[in-house]
Amino acid sequence: MKIIKLSHPHHFTRDDFDEMTLALGYFDGVHKGHQRVILKAKEIASANGMKSAVMTFHPHPLVVLRKQKQLDSLTTLSEKIKLIEELGIDILFIVEFTNEFASLLPQQFVDDYIISFNVKHVVAGFDFTYGHLGKGTMETLPFHSRKEFLHTTVEKQTDDDKKISSSLIRNVIKTGEMEYAHKLLGRPYTVNGVVIHGDKRGRTIGFPTANIDVDDSILVPETGVYAVTFSLNEKEYKGVCNIGYKPTFEQEQKPKPSIEVNIFEFNDEIYGEKASISFYKRLRSEQKFSSIEALINQITKDKEEALKYFEKN
Ligand SMILES: Cc1cc2nc3c(=O)[nH]c(=O)nc-3n(C[C@H](O)[C@H](O)[C@H](O)COP(=O)(O)O)c2cc1C
Ligand SMILES: Nc1ncnc2c1ncn2[C@@H]1O[C@H](COP(=O)(O)OP(=O)(O)OP(=O)(O)O)[C@@H](O)[C@H]1O
């Protein structure tokens, strides 16, 4: 996949590109609704001998326009790139979202970012908006197209009558409903990070853990214990993850919870390595135990429960 990063104003003209079908949106999480939009663009492109393309924006409009301080993203930009690449798209445009870009009139956006890129077909969801104050919609797009391109509107993708959206999935993950998040994303919710040093207490209680440092922009699920898979160097292991503050040992809560995984049948030294955790099911809340034995008994049960879950699913 070719990646083209640009900021406003850009210098591209139609002659720089082959004809293409373009899917438009922010696409945080690349969930099932997004997948439908992106795959529709791919389908139209291949039926018409065009290149398939996606245009996304970075950073998130709500953050740039200061409507939200931080987003708690489902994907970092590089995770989003990887997921879009896996869908088999030819070109990804990443437009820097700035106040100047946000103030483009709808017609200017269409002229400069669709027609100038030799786009012959646009695909977006029913609620996609463009241009200053989001005044452009799928209803105004034919007018702004100057008859230079066609468009396809993807109807609302729902689950139980609810629109599948990045915001819905964020709320679901915030309450630890990982099976529901899995259904809406079309894959388990996964966070990537680096293995860091913990307090080295885990091994002394018979449950060594890999502590993972995750980018601050990324949404971390509700605190608690989860059945997870842990991936490292293309290999996947099962495990149990605790997200929390370890109240059994710590008197004070740190600013952010630790994320640690006891990986089953694994004994390697992996500090500094890149790894990812996929969350399948929340097993329980984190507790303050009155003894280390009680904690050990509970983690033993957590492990059994996780193994049972993976046997059945
Ligand atoms: C599956 C699992 C469940 C855990 N549950 C709790 C808990 O309920 N309460 C708690 O205080 N610590 C809990 N812990 C955290 C342990 O206290 C922690 O792994 C241990 O203190 C080692 O920490 P360290 O890696 O920083 O050395 C859990 C850890 C795991 C792996
Ligand atoms: N459930 C859905 N059904 C159809 N199209 C969708 C759906 N969700 C998003 N889209 C479309 O996918 C593109 C990207 O959407 P966008 O990034 O705004 O995500 P969203 O999931 O709607 O997020 P948010 O929760 O931030 O509104 C847009 O064209 C949008 O209209």
Side-chain angles (χ1 to χ4, degrees), residues 22-41 54-57 60-63 67-68 71 73-75 80 122-130 134 137-138 141 151-159 162-171 184-185 195-212 223-228 230 239-251 253-254 257-264 283-292 294-306:
L22 178 71
L24 284 164
Y26 185 76
F27 300 119
D28 181 34
V30 196
H31 59 60
K32 275 193 168 164
H34 297 153
Q35 291 165 27
R36 180 63 76 97
V37 171
I38 294 171
L39 291 175
K40 189 65 168 174
V54 169
M55 182 180 288
T56 188
F57 309 96
H60 196 282
L62 291 178
V63 175
K67 297 211 168 117
Q68 233 166 282
L71 189 70
S73 304
L74 301 171
T75 41
K80 197 199 280 183
V122 164
V123 181
F126 69 104
D127 60 353
F128 176 73
T129 59
Y130 57 93
T137 65
M138 292 311 276
L141 194 60
H151 75 283
T152 296
T153 306
V154 172
E155 71 284 9
K156 193 191 321 188
Q157 305 297 304
T158 56
D159 183 82
K162 266 192 256 159
K163 181 196 156 194
I164 300 172
S165 72
S166 307
S167 330
L168 172 64
I169 299 171
R170 281 185 208 112
N171 289 334
L184 301 174
L185 285 166
V195 182
I196 52 166
H197 292 268
D199 300 329
K200 314 264 154 67
R201 201 186 292 121
R203 64 190 71 173
T204 68
I205 62 170
F207 290 99
T209 57
N211 290 252
I212 304 294
T223 59
V225 178
Y226 293 85
V228 300
F230 183 90
V240 269
C241 175
N242 185 54
I243 301 180
Y245 302 95
K246 307 174 213 175
T248 308
F249 298 99
E250 308 283 348
Q251 308 305 321
Q253 244 186 36
K254 299 229 168 78
S258 65
I259 307 173
E260 47 174 341
V261 182
N262 172 248
I263 313 164
F264 304 157
L283 303 175
R284 65 173 174 91
S285 300
E286 191 182 42
Q287 279 167 255
K288 182 177 168 72
F289 289 94
S290 52
S291 69
I292 295 181
L295 172 66
I296 293 173
N297 282 339
Q298 182 58 53
I299 299 180
T300 308
K301 283 189 196 142
D302 296 336
K303 183 172 172 177
E304 281 165 14
E305 203 181 334

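Values in this document were obtained by computation on a predicted structure and should not be read as measured data. Whatever order the structure lists them in is the order used to number ligands and atoms, beginning at 1.
- Considering R36, K163, H34, R170 only, the shortest heavy-atom separation from atom 27 (O) of ligand 2 involves K163.
- Between N262 and ligand 1, a contact under 3.5 Å exists for no N or O pair.
- At least one side-chain heavy atom of N262 sits under 4.5 Å from a side-chain heavy atom of P208.
- Using a 4.0 Å cutoff on heavy atoms, R284 counts as a contact of ligand 1.
- Remark: ligand 1 atoms within the under-4.0 Å shell around heavy atoms of V240 are 1 (C).
- The protein heavy atom nearest to atom 10 (C) of ligand 1 is T248 OG1, 3.3 Å.
- Given atom 31 (C) of ligand 1, the protein heavy atom at minimum distance is T209 CG2, 3.7 Å.
- The two residues L184 and I164 come nearest to each other via the heavy atoms O-CG2, 3.8 Å.
- For atom 17 (O) of ligand 1, the closest non-hydrogen atom of the protein is F249 CE1, 3.1 Å.
- Pairing each heavy atom of E260 with each of T209, the nearest pair is OE1-OG1, 2.6 Å.
- Residue D28 has no N or O atom closer than 3.5 Å to an N or O atom of ligand 2.
- Close contacts of ligand 2 with A124, meaning ligand atoms under 4.0 Å from a residue heavy atom, involve 29 (O).
- Of all non-hydrogen atoms in T137 and T129, the two that sit nearest each other are CG2-CG2, 4.4 Å.
- At under 3.5 Å, a nitrogen or oxygen of D199, whether backbone or side chain, sits near a nitrogen or oxygen of ligand 1.
- Of all protein heavy atoms, the one closest to atom 24 (P) of ligand 2 is S167 OG, 3.4 Å.
- The part of H31 lying near ligand 2 is the side chain, judged by heavy-atom distances below 4.0 Å.
- Taking a cut-off of under 4.0 Å to the non-hydrogen atoms of V37, the atoms of ligand 2 that pass are 5 (N), 11 (C), 12 (O).
- Looking at N211 against ligand 1, only its side chain comes within 4.0 Å, counting heavy atoms.
- Side-chain contact between S73 and H60 is absent, with no heavy atoms from C-beta onward closer than 4.5 Å.
- With hydrogens left out, the protein atom closest to atom 22 (C) of ligand 1 is G202 N, 3.2 Å, a heavy atom.
- If you check which protein heavy atom lies closest to atom 6 (C) of ligand 1, you get L295 CD1, 3.5 Å.
- Residue contacts with ligand 2 for L24 involve N, CA, C or O but no side-chain atom from C-beta outward (heavy atoms, distance under 4.0 Å).
- Salt-bridge formation is detected for the pair R201/E250: a Lys NZ or Arg NE/NH1/NH2 atom is positioned less than 4.0 Å from an Asp or Glu carboxylate oxygen.
- What sits closest to atom 26 (O) of ligand 1 on the protein, heavy atoms only, is K246 NZ, 2.6 Å.
- Of the candidates E250, H197, R201, E260, E260 brings a heavy atom nearest to atom 16 (C) of ligand 1.
- Under the 4.0 angstrom criterion, atom 3 (N) of ligand 2 counts as having a protein heavy-atom contact.
- At under 3.5 Å, not a single nitrogen or oxygen of S285, backbone or side chain, sits near a nitrogen or oxygen of ligand 1.
- Atoms of ligand 1 lying under 4.0 Å from any heavy atom of E286, numbered from 1 in the order shown and given with element: 7 (C), 8 (O), 9 (N).
- Taking the side chain as every heavy atom from C-beta outward, F128 and H151 never approach each other to under 4.5 Å.
- Proximity of H34 to Q157: side-chain heavy atoms (C-beta onward) are nowhere separated by under 4.5 Å.
- Distance alone, capped at 3.5 Å, places no donor-acceptor pair between the E286 side chain and the V225 backbone.
- At a heavy-atom cutoff of 4.0 Å, ligand 1 is contacted by the side chain of V225 but not by its backbone.
- Within the 4.5 Å cutoff, the side chain of I38 has heavy atoms near those of the V30 side chain.
- Looking only at protein heavy atoms, the nearest one to atom 18 (O) of ligand 2 is Y26 N, 4.7 Å.
- Side-chain contact between H31 and L74 is absent, with no heavy-atom pair separated by less than 4.5 Å.
- If you check which protein heavy atom lies closest to atom 30 (C) of ligand 2, you get D127 OD1, 3.4 Å.
- Between F249 and L295, some side-chain heavy-atom pair lies under the 4.5 Å cut-off.
- Contact atoms of ligand 2 toward G25: 13 (C), 14 (C) (distance under 4.0 Å to a heavy atom of the residue).
- When only non-hydrogen protein atoms are considered, atom 29 (C) of ligand 1 lies nearest to N242 CB, 3.5 Å.
- Checking side-chain atoms of K80 against main-chain N and O of Y26 turns up a donor-acceptor pair under 3.5 Å.
- Looking only at distances, no side-chain donor or acceptor of Q253 sits under 3.5 Å from a matching main-chain atom of P247.
- Between D28 and R170 there is a salt bridge, with a side-chain nitrogen of the basic residue lying less than 4.0 Å from a carboxylate oxygen of the acidic one.
- Taking each heavy atom of G239 and V261 in turn, the nearest pair found is CA-CG1, 4.4 Å.
- The protein heavy atom nearest to atom 7 (C) of ligand 1 is Q287 O, 3.4 Å.
- Cation-pi check for K288 over Y245 is not met; the charged atom does not lie both under 6.0 angstrom from the ring centroid and within 45 degrees of its normal.
- Residues V195 and A210 come closest through the heavy atom pair CG1-CB, 4.2 Å.
- Residue-ligand proximity, D302 to ligand 1, at heavy-atom distances under 4.0 Å covers atoms 1 (C), 3 (C).
- If you check which protein heavy atom lies closest to atom 5 (N) of ligand 2, you get G125 CA, 3.5 Å.
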Check your understanding: Could you walk me through whether Y130 and L24 pass the side-chain contact (heavy atoms from CB on, under 4.5 Å) check?
Key -> CA-CA 9 Å; Y130 57 93; L24 284 164; over 6 Å; no
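- Taking any N or O of K288, backbone or side chain, none lies under 3.5 Å from an N or O belonging to ligand 1.
- Considering every non-hydrogen atom in both C241 and V228, the closest pair reads CB-CG1, 3.5 Å.
- At a heavy-atom cutoff of 4.0 Å, ligand 2 is contacted by the backbone of K156 but not by its side chain.
- When only interatomic distances are considered, the shortest N/O to N/O separation between I299 and ligand 1 does not fall below 3.5 Å.
- Contact annotation: for F207 versus ligand 1, there are no heavy atoms closer than 4.0 Å.
- Regarding atom 17 (O) of ligand 2, its nearest protein heavy-atom neighbour is F27 N, 2.8 Å.
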